[in-house]
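See structure below.
These numbers were taken from a predicted model, which means no experiment stands behind them. Just the heavy atoms: all of them, side chains too, but no hydrogens, waters or symmetry mates, feed the values below.
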There are 2 protein chains.
Amino acid sequence: MGVNLKELAAELKLSPSTVSRALNDSYEISEATKQKVILMAKKLDYQPNPFARSLRENKSKTIAVVIPERINNYFANVVDGIEEITQAHGYHLLVYCTQEDVEREKKIVNLLMNGRADAIVISVSSQLTDNSHLNLLHQRGFPLVFFDRICTEIPTTKYITNNYESAFEGTKHLIQQGCKKIAFFMLSKELSITKERYRGYKDALDQAGINLDPSLNLTFSQNEEQNIESIKELLNSEKRPDGILSSIGKLALSTYQAVKHTTLNIPRDLKIISFFADSTVASLLNPSLTTITTPTFKIGEECGKLLIQKLTKPKQPDLPNQTLVIPSKITIRSSTIEI
Amino acid sequence: MGVNLKELAAELKLSPSTVSRALNDSYEISEATKQKVILMAKKLDYQPNPFARSLRENKSKTIAVVIPERINNYFANVVDGIEEITQAHGYHLLVYCTQEDVEREKKIVNLLMNGRADAIVISVSSQLTDNSHLNLLHQRGFPLVFFDRICTEIPTTKYITNNYESAFEGTKHLIQQGCKKIAFFMLSKELSITKERYRGYKDALDQAGINLDPSLNLTFSQNEEQNIESIKELLNSEKRPDGILSSIGKLALSTYQAVKHTTLNIPRDLKIISFFADSTVASLLNPSLTTITTPTFKIGEECGKLLIQKLTKPKQPDLPNQTLVIPSKITIRSSTIEI
DNA sequence: ACTAAATACGGAAACGATTTCATTTTGTAT
DNA sequence: ATACAAAATGAAATCGTTTCCGTATTTAGT
């Protein structure tokens, strides 16, 4: 294949050190030889060996991204945002998907301890209760950034949306539309986003003087069929809700599936609002779905920018322990509005 | 952070060579010292430096995946499949998204020439006309696997679905439902999948004795708004089709959007069938969408398996020049059936 | 004209693993 | 006890860069 630095140097009758410096545009090398070197490098199609470089410089120009799901526009869009920024700075992205499995997440994170990546940006799995693996990583000084599903206890930078406010506003909207029995759908009680969204939901009910009915707070699994069954059951029961705040997009889709098997009508009998990533799909559902959408690409870009800062500026301090909020937007569609 | 081999060896009062061999389970090392070494390695949390290893062994345990879009269940699912197989064998995935931009694709592929990855699996961008960058890569002996959108001229292994047959059957289905003027929606004429799907469409029309109307064959862009406008225009024109075969999923969604702005009814006035990845969404659309779905996860798994074979078995021959077909499935829903 | 500093380059160490080759230790047969 | 093979370990080269350090040549200052 290609030549290496030594061969290139031999061809030029120069030492490897000089060639290396010429290619790295060092001040120690004269303009004339720089040009010669660059020309010959191009001619012989010289490509520096990334591993030799990484070994020497102790950095990989690689960022690891860990997400719970790939088939999910939310996370896909964040990764796009990260790539948009980091690629422009010559960084590569190792992308890992945990499939919402903590054990897998732990394995991946442990694998990353060896320095294969210069930093990690992660949104944790929904089963996460023990985050010792991430703690260890952070304690070792490994640059770590969270987004969306964060670990609040780990003192580093986190990007989230205004979960509390969005859930509050969303619930308020349902109440304004006349809902009295509002259900809350979630994936895992342990998730940071769940907790915040639940607080928002709860406070909105409180404010309206509505009693929270714990039997209307449902936790779902990764099994779509099973979730649809649970929802059907709920909708056929006595204490059927007249409104739903879904904290996860796919639970809204499961609800639509479940409703198809009942005689209920959205929005007449049941109104639903959901955190949801894909507005095209939301508008095409029948009825179109009222959504809370997060600027996911923006979140990805912010993660990327922060890390580029941290990794390229020398003597950069640790990633500050702060939670940055990028607000979501509520789009009211037919699923909450009676015509 | 962690210790390196030398430090570990010093701690054990052994030479680095012995420790290395012990950890790699060499026959030259006694069982007793192996145990001692392994124990101490665990105790000191020794993690071999991946770059030192890659440099020495000239392999990275990394596979690059290049896809045109991340916000697309089709590709996301393939990547999941690849990861499922390769992760189990200790491989890492560098995932690149070209955003359907050839220039970006070229840059990425050129970046990969330096050996950062041991192999590439790619589905090419829709604008691709010149594939010299991929050709060069392949000529240099770089393991290259295509899926879905392939380069037929490059002699390596490719995984596709039965595009011709699926399009043929899909079109036939429309004809059977009484369609006489069937449109074909595509992204780019240059794409391998477009050509095959178009052939299937064409042959089905031929077989039914229907004349192909070139004005019903529409090529779309990356701009969703613009696409919706084009479709609206078509639907409001004189030569409005009564059936559509969409070779790309998102064009079906755009069609649904466009139809909302007309007085037309699906399936009464217009029937539509589309290649489509997300069956949940397809079934929730109104009316539910008749789809051609590809077992994308399976395709990913096959790519993964093949590459693991190639990369782990020593003295493996080149990837055979063959195109492997994994058939799609047509699911008939309401968008093509009049009630 | 002589010294000091700046400029341009080469030699060799270093990064951290694997592996070839050499060497010591142990075991076995005579 | 001696010889020789087998087993277990160590020393050093190697992978391809970058960089520390040294040196020769040129430039500048007095």
Should A/Glu84 and B/Arg104 count as an ion pair when the cut-off is N to O under 4.0 Å? yes
With five pairs defining each end axis, the helix from C/dA1-D/dT30 to C/dT30-D/dA1 comes out bent, to 10°, by 50°
Closest non-hydrogen contact found for B/Val121 with B/Cys303 is CG2-SG, 4.2 Å
For the pair made of CG in A/Asn114 and C1' in C/dC15, what is the distance, rounded to whole Å? 15 Å
Is the side chain of B/Thr157 donor-acceptor paired with the backbone N or O of B/Pro320 at a distance under 3.5 Å, no angle test? yes
Going by an N to O cut-off under 4.0 Å, is there a salt bridge joining B/Glu301 and B/Lys298? no
Using modelled atom types and a 3.5 Å cut-off, is there a donor and acceptor pairing between side-chain atoms of B/Thr161 and backbone atoms of B/Ile326? yes
A/Ile29 has an atom CD1; how far is it from atom P of D/dA24, in whole Å? 18 Å
Whether B/Ser30 contacts D/dT9 is assessed here as follows: a side-chain N or O lying under 4.0 Å from the phosphate OP1 or OP2. Is that the case? yes
Rounding to an integer number of Å, can you tell me how far A/Tyr27 OH sits from C/dA8 P? 11 Å
Within residues 35-45 of chain B, which residues have any heavy atom lying less than 4.0 Å from an atom of DNA chain C? none
When you measure from the side chain of B/Ser125 to the backbone N and O of B/Pro68, does any donor-acceptor pair fall under 3.5 Å? no
Any side-chain donor near an acceptor of the partner, A/Asn24 and A/Ser26, under 3.5 Å: no
Any B/Ser54 side-chain nitrogen or oxygen under 4.0 Å from OP1 or OP2 of D/dC15: no
Can you tell me if A/Ser126 uses its side chain to pair, donor with acceptor, with the backbone of A/Ser188 under 3.5 Å? no
Would you say that B/Asn135 contacts B/Asn131 through its side chain, given a criterion of any heavy-atom pair below 4.5 Å between the two side chains? yes
Between A/Asp118 and A/Lys310, is there a side-chain N and carboxylate O pair less than 4.0 Å apart? no
Nucleotide by nucleotide, nucleotides 16-22 of chain C touches protein heavy atoms under 4.0 Å in the pattern (B base, S sugar-phosphate only, - none) BBBBBB-
To the nearest Å, how far apart are B/Lys59 NZ and D/dG16 P? 16 Å
Is B/Glu83 paired with A/Arg70 through a side-chain N to carboxylate O contact shorter than 4.0 Å? yes
